[in-house]
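Note on naming: letters A, B, ... go to the chains in the order of the sequence lines (proteins, then strands), and numbering restarts at 1 for each one.
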2 protein chains.
Amino acid sequence: MFIEIDLESKDPLYAQLKNQIVAGIARGDLTPGESLPSVRALGADLGINLHTVNKAYRQLEQEGFILIQRQKGVFIHPEGVAPADEEYKNLLKKQLHPLIADSVCRSMSEEEFVNLSRELFREFANREGGE
Amino acid sequence: MFIEIDLESKDPLYAQLKNQIVAGIARGDLTPGESLPSVRALGADLGINLHTVNKAYRQLEQEGFILIQRQKGVFIHPEGVAPADEEYKNLLKKQLHPLIADSVCRSMSEEEFVNLSRELFREFANREGGE
DNA sequence: TAGCTGTTATATTATATATATAACAGAAAA
DNA sequence: TTTTCTGTTATATATATAATATAACAGCTA
C-alpha cells in the first residue's frame with residue numbers, strides 16, 4: 001500500500017485516509033474492481049484503529065468511490081465514479097470560494113491561480129477517463 | 001454588516017465569520033483601515049458569543065488580514081494583506097490537491113475546473129489591487 | 001466618572017476524533 | 001464441519017475542538 005498517514009497532522013486520520021484513496025483512484029493506481037485491504041488489515045498496516053479505517057470506508061462508499069460487501073470485502077467501485085453533477089459542482093464551488101477569496105486578498109492573479117491548478121492536474125494526467 | 005451566519009452549517013461559526021470577512025476584503029466591501037465592530041457588538045448582532053467572534057478576529061490578525069488594538073478596536077489591515085509567498089502557495093496547493101483529485105475521479109476536465117475557478121474569481125473582479 | 005475596548009480566567013456543555021474490547025452473522029476456505 | 005475472515009454493532013474511554021456563560025481587569029475616551 002502506498003498510503004501514508006501523518007499522526008502529527010491537524011487533519012483527522014480518517015480524512016487523510018479518504019484523501020489518499022481518492023488520490024490513488026485519480027492517479028490510476030487504484031482501478032475499478034480492485035480490492036482494498038480489510039478494515040483490520042489496513043488498520044494494522046497503518047498502525048491505526050479499525051474503526052478509523054471503517055469510518056473512512058463508509059464515507060467513501062456513500063460518496064460513490066468504493067463498494068462495501070458485507071462478508072466479501074471492499075472494492076474500488078467497478079462502474080467507476082459517477083461523473084460530477086450540478087450538486088457536486090455546487091459543493092465544489094462552495095469549497096473553492098474561500099480559497100479564492102483568500103488568494104485575491106493576497107494579490108494572486110487569476111492566471112497564477114489557474115496555473116497552480118493546472119500544475120496539480122498534471123499529477124493525474126495519465127490513465128483515468130471516467131466513462 | 002453584510003455578514004450572515006448559518007447556525008445549521010457543519011462549518012464552525014468562527015470559520016464562517018473568518019471566511020465572510022476575508023470575502024468582504026476580497027470583494028472590496030471592506031477597505032484598508034476600515035474599522036470592524038467590537039467583539040461584543042458583532043457577537044450581539046449575529047446572536048453568537050463574544051468569544052467566538054474574538055477567536056475569528058485573533059486568527060484573522062495572525063494571518064495578516066486585520067489589526068487589533070487593545071483599547072481602540074479592530075481594523076482591516078491599513079497596509080493591505082501581504083502578497084502570497086511560497087509558504088502560502090504551498091498551503092494553497094495542499095488545500096487544492098484533494099479537491100482536484102476528487103474532481104478528476106468525477107471525470108471533470110481541467111478546463112471545466114479552470115472555468116469554474118474563473119467564474120468564482122469574477123465575484124472579486126472590481127476593486128482590490130493588493131497593497 | 002462612566003462607558004467602551006480587547007483580554008484573561010473559569011466553568012460547563014456538546015460534538016468530533018480516536019482508541020480499546022468484545023461480540024455477532026454470514027461468507028469462504030481448510 | 002470447523003476455522004478464519006469479512007463488515008457490523010455495541011460499549012466505554014480519552015482527548016480535543018467548538019460554543020456558551022459569567023465575571024473581572026486594564027486602559028483609552030468622552
Side-chain angles (χ1 to χ4, degrees), chain A residues 1 3-22 30 33-78 95 98, chain B residues 1 3-22 30 33-78 95 98:
Chain A
M1 265 283 146
I3 293 174
E4 278 175 24
I5 256 63
D6 177 12
L7 296 171
E8 313 302 320
S9 169
K10 72 280 159 249
D11 291 330
L13 303 182
Y14 81 94
Q16 293 183 48
L17 223 181
K18 283 180 65 181
N19 285 338
Q20 298 224 22
I21 290 174
V22 171
L30 296 172
E34 187 171 341
S35 83
L36 289 173
S38 74
V39 292
R40 287 177 181 81
L42 187 51
D45 185 16
L46 300 175
I48 66 179
N49 194 273
L50 96 178
H51 292 110
T52 307
V53 177
N54 192 245
K55 183 172 186 174
Y57 277 179
R58 276 188 288 107
Q59 292 193 10
L60 285 170
E61 181 180 46
Q62 205 245 322
E63 293 165 19
F65 292 99
I66 67 176
L67 220 119
I68 303 176
Q69 285 171 314
R70 285 196 60 122
Q71 273 82 21
K72 289 185 161 185
V74 179
F75 308 89
I76 304 298
H77 204 301
Q95 291 173 308
Chain B
M1 262 285 146
I3 292 175
E4 279 175 25
I5 256 61
D6 177 12
L7 296 170
E8 312 301 320
S9 169
K10 72 281 159 252
D11 290 330
L13 303 182
Y14 80 93
Q16 293 182 49
L17 224 179
K18 282 180 66 182
N19 285 339
Q20 298 223 24
I21 290 174
V22 171
L30 296 171
E34 187 172 342
S35 83
L36 290 173
S38 74
V39 291
R40 286 177 181 82
L42 187 49
D45 185 15
L46 300 176
I48 65 179
N49 195 272
L50 97 179
H51 291 110
T52 306
V53 177
N54 192 244
K55 183 175 186 172
Y57 277 179
R58 275 188 289 107
Q59 292 190 11
L60 285 171
E61 180 179 46
Q62 205 244 322
E63 292 165 19
F65 292 99
I66 67 176
L67 221 120
I68 303 177
Q69 284 172 313
R70 284 197 62 121
Q71 272 83 20
K72 289 188 163 184
V74 180
F75 309 88
I76 304 298
H77 204 300
Q95 292 171 308

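- Within the 4.5 Å cutoff, the side chain of B/E61 has no heavy atoms near those of the B/Y57 side chain.
- On the nucleic acid side, DNA chain D has its first and last nucleotide under 4.0 Å of a heavy atom of chain B at D/dA18 to D/dT29, going 5' to 3'.
- Residues B/P78 and B/L67 meet the side-chain proximity criterion, which asks for heavy atoms closer than 4.5 Å.
- Across all strands, A/Y57 comes closer than 4.0 Å to no nucleic acid atom at all (heavy-atom distances).
- From B/H51, atom NE2 reaches atom CZ of B/R40 across 8.5 Å, with rounding to the nearest 0.5 Å.
- For the side-chain contact (heavy atoms from CB on, under 4.5 Å) with A/K18, the qualifying choice from A/L60, A/D11, A/L13 is A/L60, the only one to do so.
- Contacts between residues 69-77 of chain A and DNA chain C, defined by a heavy-atom separation under 4.0 Å, are made by A/Q71, A/K72.
- Nearer to the 5' terminus of DNA chain C, by closest-nucleotide assignment, is the contact made by B/N54 (compared with the other of A/Q16 and B/N54).
- As a whole-Å value, the separation of B/R58 CZ from C/dT5 C1' is 15 Å.
- Along DNA chain D, the nucleotide nearest to A/H51 and the one nearest to A/I68 differ in position, and the one closer to the 5' end is contacted by A/I68.
- Here the side chains of B/I3 and B/L46 are in contact, with some heavy-atom distance below 4.5 Å.
- Of all heavy-atom pairs spanning B/D6 and B/Q16, the tightest one is N-OE1, 2.9 Å.
- For B/L42 and C/dG6, the CG to C1' distance is 14 Å, given to the nearest whole Å.
- By the 4.5 Å heavy-atom criterion applied to side chains, A/K55 and A/Q59 are counted as neighbours.
- In this structure, the side chains of B/V74 and B/L42 stay at 4.5 Å or more apart for every pair of heavy atoms.
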